[in-house]
There are 2 protein chains.
Amino acid sequence: MRFDEYNYFNIYLIYKGGENMTSTIKDVARLAGVSISTVSRVINNSKPVSPEIRQKVMKVIEEINYKPNEIARSLVTKKSSLIGIIVTDIGNSYVAEMVRGIEEIAKMYNYDIILCSTYSDKETECKNIQLLKRKQVEGIILISDIINDRIDELIKEYDNPFVYLNRLYHQTKYSTVSIDNYNAAYEMTKYLISLGHMNIAYLTAKEKQLKELTTIETEKLEGYKKAVREELYEEIIHFSKGKNIKSGYNAANEIIARDNITAIFTSCDDLAIGAINYLYDNNINVPHQISVAGYGDIGTASILRPKLTTIDEPFYDIGAVAIRRIIKELKGEKVDFDEITLPFRIQRRSSCVEIK
Amino acid sequence: MRFDEYNYFNIYLIYKGGENMTSTIKDVARLAGVSISTVSRVINNSKPVSPEIRQKVMKVIEEINYKPNEIARSLVTKKSSLIGIIVTDIGNSYVAEMVRGIEEIAKMYNYDIILCSTYSDKETECKNIQLLKRKQVEGIILISDIINDRIDELIKEYDNPFVYLNRLYHQTKYSTVSIDNYNAAYEMTKYLISLGHMNIAYLTAKEKQLKELTTIETEKLEGYKKAVREELYEEIIHFSKGKNIKSGYNAANEIIARDNITAIFTSCDDLAIGAINYLYDNNINVPHQISVAGYGDIGTASILRPKLTTIDEPFYDIGAVAIRRIIKELKGEKVDFDEITLPFRIQRRSSCVEIK
DNA sequence: GTGAAAGCGCTAACAG
DNA sequence: CTGTTAGCGCTTTCAC
């Protein structure tokens, strides 16, 4: 450090010492003896700057530990590099997994994420969209599991890249990403049939408000039906009160009242886990007395004993693809299809066995 | 809508139609025929405005669906109403639970959160702190499980409210919140002793880098030791390679090689789950042959069969208290203690039974 | 009670 | 290559 620089630095310290310590581009400019535009240029590498000056500026930046204020930058560039992500509840492992995918990819492209929870409340969902708009997020991913008739209006106002990961519906208005639920359910049922099961109960839940099955649940159910019909087996369909573990627990009781059932296939892992718990608590052996298959392959599925046979929905990838799509759109790249379908896998584990 | 207003609105639409549709405070001012300061006043309720004008302004805001730009506001107020939260991995259920607590409380006070993951990488942790600083977050909560000698310097530079939720260390430099690990482990061990267990193995893991126990793990271990010593029982301490389910699985094998063991107490739930899985896979009945107790009470603990006896660490509350503390500091309220201790509970469930 | 004007920290023409 | 200048959209003195 030569004397003049050392001196500059001291002056700077004296100047800044009293008040707010954060230094601005002006400080850097003054200390480096250049204009703020030049500083801006070296920070952003936006235009050529002579090596010596660049050096000098960088040194000052280093010395006073200058960090550009992204808020100010955003204001002028109109790019916040923020993506809003609205979830039902980060406590659900599949949601966490999706967020993981989103966050990781977003970071790769220098976007940050603002996280909001709705706990499946419609009002909160709407509020969050508006709030994120005010925060100038460049895109929104909405992970929802409710019906929200105000989405249309809100998104129209918002007018930015948007991906709708609604677990109830497939709609063509917005970009979405999911697996082929019809075929997934079909294949799982076929698998159970291949194990010799002839009386396979399907357990699902109606949506509370509508009191009917949602688009996606209908697709799964149809997949199940198709497989069963092909064999001319009986369709055995049960509806639980909800989709959580407890609902599965309670439903299992009713299902096994029919004593010919040898397998239960549920529309989500939690229902399967609930069912397995019920059977365990009532000394009914899974899989030897009853096989149980789930849907989703949440983390718990492979921890359980017996390990849960289920359909692997690639939650991480769903998140990753969703954010990828938004970033593409933001970059002005052409984005073709709006309904992206990802591959699934049947996870054959120990909760389902061949019938004897 | 009277004619003149209607007319204004049309002019506005014509004006805005071509370009960027988002309206600004200027638009509102022009359409309402007032100055932007007045608009600002009605938006923020910062100074008295005559009822008629307020009406008029509100009407225009409604009509053109004006939403204030928070970025611009932040720039002048120097308040981003953003809290940064850096986590190891949102995929860990306890982390998700903490984030849940943070997010929910933050929203109550009109703060939003920016989420960053580190996957326990030191460099990423440092980068994220700096990045959040640039984004002008008003506070940071760091949920970490690594040693990071650069934290000091980084936080000094950052110079804003900060809570360090490091699962390895208790340090007095920063605010932190946790449970009394020493007494929690002590009480759990006492509980096992009360069930008649005399040969209780304690399973924990050394930190990889240090190859020794971290502060927090040492506290737990000391709690266990104290309880065992009080009875003059033998201390049976095992170290696994890591803290995940797999490590627990592998360690269980070694532990039961000593055939007098009747109970295993692990320093985290994942180790316990791994151990239970191992015992299940090897036809050793839990709890009747061996009782297993965990630490943490993660979601899976009560789903497992047998249900896991464990120590309930209030993860949600830990997050909530952490953010609460930051908000208090931001409001200039006095914040007294820096190391907040929350209560724990021994969750007595079916994985531990009285010895016969 | 209201408006004019300055400025938050930065980028981006525009000259030179 | 570098500096000057005009804003980005908003809040906040300071006059009136």
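Order of the sequence lines sets the chain letters (A, B, ...), proteins ahead of strands, with each chain counted from 1.
One can place CD of A:E70 at 15 Å from C1' of D:dC8, the figure rounded to the nearest angstrom. Following rounding to the nearest Å, B:L75 (CG) and D:dG7 (P) show an atom-to-atom distance of 17 Å. To the nearest angstrom, P of C:dG1 lies 17 Å from NZ of B:K56. As rounded to whole Å, 17 Å separates atom C1' of D:dG7 from atom CD1 of B:I71. Across the protein-nucleic acid pair, B:R134 atom CZ and C:dC10 atom P stand 11 Å apart, rounded to whole Å. One can place NZ of A:K26 at 13 Å from C1' of D:dT5, the figure rounded to the nearest angstrom. Per the geometry, NZ belonging to B:K79 stands 19 Å off P belonging to D:dC10, to the nearest Å. Per the geometry, NZ belonging to A:K135 stands 14 Å off P belonging to D:dC10, to the nearest Å.
Across all their heavy atoms, B:V49 and B:R54 have their closest contact at O-NH1, 3.7 Å.
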All N/O donor-acceptor pairs, side-chain side in residues 316-324 of chain A, below 3.5 Å, sequence neighbours left out:
unit_1	atom_1	unit_2	atom_2	d
A:Y316	OH	A:E104	OE1	2.8
A:R324	NE	A:Y109	OH	3.1
A:R324	NH2	A:Y109	OH	3.1

TODO: Give the B/S/- string for nucleotides 11-16 of chain D, one per nucleotide from 5' to 3', where a protein heavy atom under 4.0 Å of the base yields B, of only the sugar-phosphate yields S, and otherwise -.
DONE: BBB---

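Salt-bridge annotation for B:D159 and B:K133: absent, with no side-chain N of the basic residue lying under 4.0 Å from a carboxylate O of the acidic one.
Each of A:I85, A:I143, A:V87 was evaluated against A:M98; a single residue qualifies, A:I143, per the side chain to side chain contact (heavy atoms under 4.5 Å, CB included) test. Here the rule is side-chain hydrogen bond (donor to acceptor under 3.5 Å, both in side chains) with A:N65, and of A:E63, A:K67, A:E62 only A:K67 fits it.
Distances from the side chain of B:V34 to the nucleotides D:dG3, C:dT2, C:dG3 place C:dG3 closest.
Neither OP1 nor OP2 of D:dG9 sits under 4.0 Å from any side-chain N or O of B:T24. Not one side-chain nitrogen or oxygen of A:K78 sits closer than 4.0 Å to the OP1 or OP2 atom of C:dT11. OP1 or OP2 of D:dT2 has at least one side-chain nitrogen or oxygen of A:S50 nearer than 4.0 Å.
Within a 6.0 Å sphere centred on CD of A:Q55, other residues, nucleotides and ligands contribute 12 heavy atoms or fewer.
Applying the ring pair (Phe, Tyr, Trp, His ring centres under 6.0 Å) test to every pair with at least one member in residues 138-166 of chain A, sequence neighbours left out, gives these pairs: A:F162-A:Y164, A:F162-A:Y174, A:Y164-A:Y174.
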